[in-house]
Peer 1: 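Sharing a structure below in structure tokens format, with a few things to ask.
Just so you know, residue 1 is the first one in the sequence shown, and it goes up from there. Every number for a ligand or one of its atoms is a count from 1 in the order of the listing. No experiment lies behind these values; they were computed from the predicted model shown.
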Amino acid sequence: MLNVVVLVSGGGTNLQAVIDAVKDGNISNTKITGVISNNKNAYALERAKKSGIENLCISPKDFETREQFNEEFLKAVDDMEPDLIVLAGFLVVIPPKMIERYTNRIINIHPSLIPSFCGTGYYGIKVHEAALSRGVKVVGATVHFVDEGTDTGPIILQRAVNVEQDDTPEILQRRVMEQAEWKILPLAIDLIANGKVKVEDGKTVIL
Ligand code: GAR
């Protein structure tokens with residue numbers, strides 16, 4: 001059984017997709033053991049509560065230094081004994097010690113086809129604003145392992161989504177979620193839970 005801890009900052013629609021997929025059996029061999037948010041008002045925490053999943057908030061704002069936060073944050077994650085950590089709209093920089101301890105055991109969902117529209121400053125709606133202002137015709141989402149860079153780790157799954165003529169950033173964001181994110185994040189977890197993802201030379205192989 002794969003023990004999964006999900007880290008969230010906002011609405012938690014990706015978390016919900018994972019909760020639903022575990023419930024429906026679309027993700028097998030998996031238990032969501034906890035949800036952690038940096039934001040006590042994140043609706044994602046409500047979603048966890050409603051599904052009876054252990055949840056807590058730990059915010060950098062409650063600590064004098066980033067080092068103190070990082071230490072407590074790592075402890076909170078360790079206490080939940082995850083086999084896999086899922087970043088589902090988590091907007092805090094992951095402490096280097098956590099990346100080292102959980103190498104190839106942290107995944108992130110990013111709302112673009114990496115390496116387009118990713119890296120520092122590209123998150124949430126900003127990604128879709130940038131895509132529309134560049135005028136690209138195809139966008140999408142990526143699930144990747146997290147390494148020490150920003151959106152640079154090995155890519156696990158990607159799915160493309162068409163841009164429509166009258167899209168606004170909000171409409172495009174919703175389509176990318178519906179057609180890509182909510183599908184490939186649960187799928188990636190299911191593949192990992194069933195031993196089907198291997199990392200070789202900085203790239204993944206799906207078995
Ligand atoms: C999602 O679109 C996710 O891909 C994005 O934040 C949103 C969270 O929505 N993540 C990033 O931009 C990370 N760089 P949700 O809280 O409803 O799942």
Peer 1: Search all heavy atoms of Ser9 against all heavy atoms of Asn39 and return the closest pair with its distance.
Peer 2: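 Looking at all heavy atoms of both residues, the shortest contact is O-ND2, 3.0 Å.
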Peer 1: Output yes when Glu178 and Arg174 qualify as a salt bridge under the 4.0 Å nitrogen-oxygen rule, no when they do not.
Peer 2: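 Looking at Arg174 together with Glu178, the answer is yes, because their closest N to O distance falls below 4.0 Å.
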Peer 1: Answer yes or no: does atom CD of Glu81 have more than 12 heavy-atom neighbours from other residues, nucleotides or ligands under 6.0 Å?
Peer 2: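 Incorrect, the count does not exceed 12.
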Peer 1: List by chain and number: which residues place a heavy atom under 4.0 Å from ligand 1?
Peer 2: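 Under the 4.0 Å cut-off, ligand 1 touches Gly10, Gly11, Gly12, Thr13, Asn14, Gly89, Ile109, His110, Pro111, Tyr122, Tyr123, Gly124, Met177, Glu181.
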Peer 1: Can Glu181 and Lys183 be counted as an ion pair, charged N to O under 4.0 angstrom?
Peer 2: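 The answer is no: the pair does not qualify as a salt bridge.
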Peer 1: Only one of Asp190, Leu191, Val205 forms a side chain to side chain contact (heavy atoms under 4.5 Å, CB included) with Lys196, so which one is it?
Peer 2: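 With Lys196 as partner, side chain to side chain contact (heavy atoms under 4.5 Å, CB included) holds for just one option, Leu191.
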Peer 1: Ion pair present between Lys49 and Glu46, side-chain N to carboxylate O less than 4.0 angstrom?
Peer 2: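 Here Lys49 pairs with Glu46 in a salt bridge, since their nearest N and O are under 4.0 Å apart.
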